[in-house]
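Take a look at the structure set out below.
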4 protein chains.
Amino acid sequence: MQLDFNNPKPIYLQMVDEVKKSLARGELKPGDKIPSHKEQAHLSKVNPNTVQRAYQEMEREGLTETLRGQGTFIKNDPELLVHIRSEMAQTAVQQFIEEMNGLGINPAETERLLSEHLYNGKKEV
Amino acid sequence: MQLDFNNPKPIYLQMVDEVKKSLARGELKPGDKIPSHKEQAHLSKVNPNTVQRAYQEMEREGLTETLRGQGTFIKNDPELLVHIRSEMAQTAVQQFIEEMNGLGINPAETERLLSEHLYNGKKEV
Amino acid sequence: MQLDFNNPKPIYLQMVDEVKKSLARGELKPGDKIPSHKEQAHLSKVNPNTVQRAYQEMEREGLTETLRGQGTFIKNDPELLVHIRSEMAQTAVQQFIEEMNGLGINPAETERLLSEHLYNGKKEV
Amino acid sequence: MQLDFNNPKPIYLQMVDEVKKSLARGELKPGDKIPSHKEQAHLSKVNPNTVQRAYQEMEREGLTETLRGQGTFIKNDPELLVHIRSEMAQTAVQQFIEEMNGLGINPAETERLLSEHLYNGKKEV
DNA sequence: GTGGTCTAGACCACT
DNA sequence: GTGGTCTAGACCACC
């Protein structure tokens, strides 16, 4: 769970995204129990209420299910994984394209830059 | 000047980015005068203080210079444009790669998705 | 026994209500034995403690009586059924009227809406 | 704003309902500003955070719109009023019917009881 | 002053 | 111990 406390994006939303990414990567599976908000709060060095807010948001989005007194679970919907994954990928691609567009960089150049960075191991910014 | 008031990124930083993008796109050129903060405030429907803060930030970053009584100007440095442009492009590319990485999507698939979205005009998600 | 685990109304109170409704409907009769708390807990997929608490509440309200070693029974009071039934009906009606009132819907419209929904089988909203 | 602190229904949801009812009754109109969370907190003798949560919920439901630093406003959608009103009325009617059904009271009797209570001024329970 | 986030700590219902 | 609500009080960005 990678949280950036200097990112203006609220922590609870970062947490939601992290769970979605874990799902997309296959680290979490439908039906899995996720840590209690207290436990996760301890792990992430964040206030339990903040975690709870993240969990609430996930439930609201239909990502998780809550059983009173038992815990919070990734919803056991076989289509969930593929949905989340394609939704997040699409958003990322779209955002990238808009950004490059905003910089006046044309599609060919965009593809070139991407390939260049993808394959020369420049993993550090 | 595209501002998103629900974006957690502070408005004044969004304004800085927008100026940089205008530069990258060639809409603004080194030496150009940018609107006074009052004028810009009116244009963007934003408080003058916020514009002021954006202008301060740009000056701090060496993007602009202010001439007392004459206004604020894009710095007249011929290399500025190319610097800004490549810096912003690189950041965007890097961010995109990290995002796709975080979703467990491999480079080949990343390129495929990009091309798909670049060339089929899907501007809306 | 319809329990809604997301209803903020405590489970044990929901159970009490369900017993009262069974009585009103005639499914339970004065003098009938109701399941032991263990049995009921299993049936309702609820913790035995919760059932215990529901039974306590019913006894407190004079709805049931417990005979040591024999179990819990609906009180054998011939007037019980009619009491419960009219009390619950009155509460429901009153609550409904207040709700419609709160929405600024007048009596005539209230009656019309009720009839409409009563007779066209719209069981799902 | 009628809040019942003994009602197990969370206060913030009671507040949402109260705003909806005010809308249905025409006391609030689309476009109206609603009190700041601090002000409302003071009026309702409730913690500002609780009010904020209610406001957030309303925004999430598309009932209100927020302008950073300016306040929270009822969404200016002319259809909003009729939507809310009919939605809430339908829910109330449906709930009432289910309740009476649960008590084994038939439609005719349900209508009779309603009329009786509607027109004999029994406003107190 | 206004909304938004976060922390800290309390109480409750249920397992 | 688990989720849910509430209070109290702090900090931030923006008007």
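Residue numbers start from 1 in every chain, and the chains themselves are labelled A, B, ... in the order their sequence lines are given, proteins ahead of strands.
When the side-chain nitrogen and oxygen atoms of Gln52(A) are compared with OP1 and OP2 of dG3(F), none of them lie within a distance under 4.0 Å. Put simply, Thr66(A) has no side-chain N or O that comes within less than 4.0 Å of OP1 or OP2 on dT2(F). Taking only side-chain nitrogens and oxygens, Thr72(D) never comes nearer than 4.0 Å to OP1 or OP2 of dT2(E).
Rounded to the nearest 0.5 Å, atoms CG (Asp17(B)) and CE (Met15(B)) are 11.5 Å apart.
Rounded to a whole Å, the OH atom of Tyr55(D) is 11 Å from the C1' atom of dT2(E). Going from atom CE of Met15(B) over to atom C1' of dA13(F) covers 14 Å, rounded to whole Å. The CZ-P distance, from Arg60(A) to dG4(F), rounds to 14 Å in whole Å. Nucleotide dA13(F) holds its C1' atom 14 Å from the CG atom of Asp4(B), rounded to whole Å. With rounding to whole Å, Asn6(B) atom CG is found 15 Å from dT5(E) atom C1'. dG4(E) atom C1' lies 16 Å from atom CD of Glu57(D), rounded to whole Å. To the nearest angstrom, C1' of dT5(F) lies 9 Å from CD of Gln56(A).
A cation-pi contact, defined as under 6.0 Å to the ring centre and within 45° of the axis, is absent between Arg68(A) and Phe5(C).
Stretches of at least 3 consecutive Watson-Crick or G-U wobble pairs, with each checked distance under 3.5 Å, appear in DNA chain E as E:1-14 with F:1-14.
At distances below 3.5 Å, not a single donor-acceptor pair connects side-chain atoms of Thr72(D) with backbone N or O atoms of Ile34(D). At least one donor-acceptor pair closer than 3.5 Å links the side chain of Ser22(D) to the backbone N or O of Glu18(D). The closest donor-acceptor contact from the side chain of Arg85(D) to the backbone of Ala24(D) lies under 3.5 Å. Under a 3.5 Å cut-off, the side chain of Glu65(C) and the backbone N or O of Ile74(C) do not form any donor-acceptor pair.
For Lys20(D), the salt bridge (charged side-chain N to carboxylate O under 4.0 Å, His left out) partners two or more places apart in sequence, or in a different chain, are Glu61(D).
Using a cutoff of 4.0 Å between basic side-chain nitrogens and carboxylate oxygens, Glu99(A) and Lys21(B) are scored as salt-bridged. Ion pair Lys9(C)/Asp4(C) not flagged as a salt bridge, since none of the NZ, NE, NH1 or NH2 atoms sits closer than 4.0 Å to an Asp/Glu carboxylate oxygen.
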### Query
Taking protein heavy atoms under 4.0 Å as touching, what does nucleotides 6-15 of chain E look like 5' to 3' if B marks base contact, S marks sugar-phosphate-only contact and - marks none?
BBBB---SSB
